[in-house]
Amino acid sequence: MLHRTMLKAVLKTLPAAIVLAIASGSAAADPMYPSDSEGFHGYLRAGAGSNTSGGGGSQGCFGLGGNTMKYRLGNECDAYTEFGYTKSVAKSGGVNYLATIWVNAYAPNSDFGDNKLGIVKAYVEAQGLDFLNGGTAWIGKRFYYRPDIHMLDLQYINMNGTGAGLDRIPAGPGKFSYAFFKDNDVKVALPNGGVNTKSAVRQNFIYGEIPVNENGTLDLAATYIIGEGKDDVATGKRNNGWQLSAFHRQGKVFGGGNTFGVQYGVGPGTGQGAQFGASGDTNFGSDVKRTRIFNDMAIQPMANFGMEFVALWQKDESNAKGSSTWTSVGVRPVYAFTDNFKLVGELGTDRVTQAGGLPAKRLTKLTIAPTISAGPGLWSRPELRAFVTYGKWNDAATASVNASNNGGPIYNNNTSGTSYGFQVETWF
């Protein structure tokens, strides 16, 4: 956990909205422990759109890139799907053996075209082992401990990978999980004709589901990463890293729940992109650090009204790039007029400070989306959406908005833009 004085200093920098979010308390819609149940399951998002910049063309999306994430409603210029099958292949003495295989496909624009399928899950697990007091053992490639902030499409911790593990073994008031992963397991050709590697051995430890208050639980998740290979001019110096995260999940909050998280990582333990959990670049030394505090609330106080609210503060530090802070606040209200038609809105604002005294980057994005939905709830899917999205940013953010846009610099030197289109999202 962060030292008390450090936490006080961090909280002083948070906008009032973040402080209010933390005080109100908030469980994420995504389960902390993904489990593949028997049958065919998957996820899909796809759509098409354009922009009003004058020449039309690509839809145009609004984000600051780097180690940040963008508010996603009406702001996804890509297409993605993943799907597969889980089958019980054997049962023995009360133990259920499940095999899972999933594939996925991604396109950076609206058309999947001839993009290749990749394998994202291929593993077997043994559930209900008596010598693990009902716990699970598994080996293979899988999704693992990957809860998200849905509005940002941010899996704030993501331990996916290929490896082996023992899961949810009852231990005291909570349950213990251990997993071993091998990341970036590829060879790198050297100029002298030799080979090296930038692979890493990653060990994940979770002690979670600890009851701490009525309808509230605590998860503690740690990662230790060992960089492999040899130091050389071509591939750089190898470093080890680690991360520690704590998540409090509160259930039964206005018909929904709340997650409050504190995370800290060093070196490769800062993860990939904005995600903790997986192995980051093993060239990262102990000067590379990341601290994050966030609150994510998803509520359904009435059958026809739900809302997600997020507040986040993240600081990245390194000798090479200096210090940068990302602050984000956003809300997605959902109002259903009938069981199959609702109006969804999303408002999010981001601020990223820059090293060297440069002005902070600022971006605000607003989306309105009339939606046909299989139910009135916040998480009811499928959703078939029409949307209009407006983005506004300052001069300091112009280069980042253009660089992070899948369609390229379609807004040129402008500091605002509008896109529109249609999108489907579903999980099954």
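If you read the sequence from its start, that first residue is 1, and numbering goes on from there.
- Between Phe83 and Phe428, a ring centre-to-centre spacing not shorter than 6.0 Å is recorded.
- At distances below 3.5 Å, not a single donor-acceptor pair connects side-chain atoms of Asn394 with backbone N or O atoms of Lys361.
- Judged purely by distance below 3.5 Å, without hydrogens or angles, the side chains of Lys342 and Ser373 pair a donor atom with an acceptor atom.
- Judged purely by atom type and a 3.5 angstrom limit, Gln314 uses its side chain to pair as donor or acceptor with the backbone of Asn67.
- Counting non-hydrogen atoms of neighbouring residues, nucleotides and ligands closer than 6.0 angstrom, the CG atom of Leu343 exceeds 12 such neighbours.
- Tyr411 is listed as a side-chain neighbour of Trp393, based on a closest heavy-atom distance under 4.5 Å.
- Tyr207 has its ring centre no less than 6.0 Å from the ring centre of Phe205.
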Without placing hydrogens or testing angles, list every side-chain donor-acceptor pair under 3.5 Å for residues 157-177, not counting sequence neighbours.
from: Asn158; atom 1: OD1; to: Asn160; atom 2: N; distance (Å): 2.8
from: Asn158; atom 1: OD1; to: Asn160; atom 2: ND2; distance (Å): 3.2
from: Asn158; atom 1: ND2; to: Gln155; atom 2: OE1; distance (Å): 2.4
from: Asn160; atom 1: OD1; to: Tyr144; atom 2: N; distance (Å): 2.8
from: Asp167; atom 1: OD1; to: Tyr144; atom 2: OH; distance (Å): 2.6
from: Arg168; atom 1: NE; to: Glu209; atom 2: OE2; distance (Å): 3.1
from: Arg168; atom 1: NH2; to: Glu209; atom 2: OE1; distance (Å): 2.7
from: Arg168; atom 1: NH2; to: Glu209; atom 2: OE2; distance (Å): 3.3
from: Ser177; atom 1: OG; to: Arg168; atom 2: N; distance (Å): 2.9

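- Dense packing is recorded around OH of Tyr390, with more than 12 heavy atoms of other residues, nucleotides or ligands lying under 6.0 Å away.
- For the pair Arg202 and Tyr224, the cation-pi criterion (under 6.0 Å, within 45° of the ring axis) is not fulfilled.
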Under the side chain to side chain contact (heavy atoms under 4.5 Å, CB included) rule, what do Ser50 and Gln59 come out as? Steps first, then yes or no, please.
-> CA-CA 4 Å; Ser50 190; Gln59 175 184 325; 6.0 Å; no
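- Heavy-atom contacts from other residues, nucleotides or ligands closer than 6.0 Å to CD1 of Ile101 number 12 or fewer.
- Side-chain contact between Leu98 and Gln127: present, with at least one pair of heavy atoms (C-beta onward) separated by less than 4.5 Å.
- Ring geometry for Tyr123 versus Trp138: interplanar angle over 60°, hence perpendicular rather than tilted (30 to 60°).
- Checked by atom type and distance alone, the side chain of Asn240 pairs as donor or acceptor with a backbone atom of Gly227 at under 3.5 Å.
- Taking the ring centroids of Trp102 and His41, they lie at or beyond the 6.0 Å cut-off.
- Proximity of a side-chain donor or acceptor of Glu383 to a complementary backbone N or O of Ile372 within less than 3.5 Å is not detected.
- Within 6.0 Å of CG in Leu117 there are more than 12 heavy atoms belonging to other residues, nucleotides or ligands.
- Counted by atom type alone, Asn204 and Thr223 present one or more donor-acceptor pairs between their side chains at under 3.5 Å.
- Exactly one residue among Trp313, Trp326, Phe260, Tyr156 makes a ring pair (Phe, Tyr, Trp, His ring centres under 6.0 Å) with Phe294. That residue is Tyr156.
- A donor and an acceptor atom, one from each side chain of Gln423 and Glu76, are located under 3.5 Å apart.
- In terms of the ring pair (Phe, Tyr, Trp, His ring centres under 6.0 Å) criterion, Tyr71 has no residue partners (sequence neighbours excluded).
- Relative orientation of the Trp379 and Trp427 rings is tilted, given thresholds of 30° and 60° on the angle between their planes.
- Checked by atom type, the side-chain pair Asn213/His248 shows a donor-acceptor distance below 3.5 Å.
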